[in-house]
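Okay, structure first, notes after.
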Amino acid sequence: MVKLTALYKKPGNIEEFDRYYRDVHTPLAQKMPGLKKIELGRVVGSPGGDSEYHLVANLYFDNLDSLKNAMSSEEGKAAAKDLNNFARGLVQMMICEVKSN
């Protein structure tokens with residue numbers, strides 16, 4: 001299993017960001033083919049105190065090929081393009097292989 005992790009820094013207007021993410025971006029992402037689940041985490045701090053991050057989103061797929069297919073699909077392209085509407089300069093993304101002990 002793999003996951004696409006998106007780290008979102010604190011936006012200027014948290015309420016507007018959260019509304020847009022919930023009402024517009026998440027429904028777009030949920031249409032991506034092969035998506036198994038979306039897991040969201042609101043950042044409440046770091047071991048050292050405050051954090052510059054607001055939200056962590058993990059999108060799970062069976063394997064890397066499934067993730068690549070989702071990202072290259074029309075739905076994936078629409079979700080990626082939508083990032084510019086609310087998260088320009090705020091998001092960092094990475095792909096992780098999920099391992100369990």
* Exceeds 12 heavy-atom contacts within 6.0 angstrom, atom NZ of K10 -> yes

* Do K37's NZ or CZ and the ring of Y60 fall within the cation-pi criteria of under 6.0 Å and 45°? -> yes

* Give the intermediate values and the outcome of side-chain contact (heavy atoms from CB on, under 4.5 Å) for residues V43 and V56. => CA-CA 7 Å; V43 178; V56 178; 3.9 Å; yes

* Structure fact -> So CZ of R19 and CD1 of I14: to nearest 0.5 Å the spacing works out to 15.0 Å

* Structure fact -> Heavy-atom closest pair (L59 atom, A29 atom, distance to 0.1 Å) is CD2-CB, 4.2 Å

* Structure fact -> In short, S72 meets K77 closest at the heavy-atom pair O-CE, 3.2 Å

* To do: Answer whether the closest heavy-atom distance between the side chains of P11 and K9 falls below 4.5 Å.
  => no

* For N85, does the CG atom have more than 12 heavy-atom neighbours from other residues, nucleotides or ligands under 6.0 Å away? -> yes

* Asked: Shared ILVMFWY cluster between V98 and M94, side chains joined below 4.5 angstrom?
  -> no

* Asked: Do E97 and K99 sit within salt-bridge range, that is, some charged N less than 4.0 Å from a carboxylate O?
  -> yes

* To do: Using the rule that two of Ile, Leu, Val, Met, Phe, Trp, Tyr join whenever any of their side-chain heavy atoms come within less than 4.5 Å, decide whether V24 and M32 are in one cluster.
  => yes

* Asked: Taking atom NE2 of H25 and atom CG of L83, what is their separation to the nearest 0.5 Å?
  -> 4.5 Å

* To do: Could you check if a side-chain atom of L35 sits within less than 4.5 angstrom of a side-chain atom of F61, using non-hydrogen atoms only?
  => yes

* Check the hydrophobic clustering (I, L, V, M, F, W, Y; side-chain heavy atoms under 4.5 Å; chains of links allowed) and say if L4 and Y53 are grouped together. => no

* Check the hydrophobic clustering (I, L, V, M, F, W, Y; side-chain heavy atoms under 4.5 Å; chains of links allowed) and say if M1 and L40 are grouped together. => no

* Taking C-beta and beyond as the side chain, do T5 and M93 meet within less than 4.5 Å on heavy atoms? -> no

* Closest non-hydrogen atom pair between V91 and A6, with its separation -> CG2-CB, 4.0 Å

* Any side-chain heavy atom of D62 within less than 4.5 Å of one from K36? -> yes

* Nearest-0.5 Å distance that lies between atom CG in L55 and atom CG in D18 -> 7.0 Å

* **Over all atoms of both residues, closest heavy-atom pair of P33 and S73** => CD-OG, 3.4 Å

* If you measure from CZ on R42 to NE2 on H54, what distance do you get to the nearest 0.5 Å? -> 4.5 Å

* Structure fact -> Rounded to the nearest 0.5 Å, the CD1 atom of I95 sits from the NZ atom of K68 at a distance of 7.5 Å

* To do: State the CG-CG distance between N84 and D82, to the nearest 0.5 angstrom.
  => 8.5 Å

* Say whether Y21 and L7 are linked into one hydrophobic cluster, either directly or through other cluster members, by side-chain heavy-atom distances under 4.5 angstrom. => no

* Asked: Using the ring of each side chain (for Trp, its six-membered ring), is F17 parallel, tilted or perpendicular to F86, with breaks at 30° and 60°?
  -> tilted

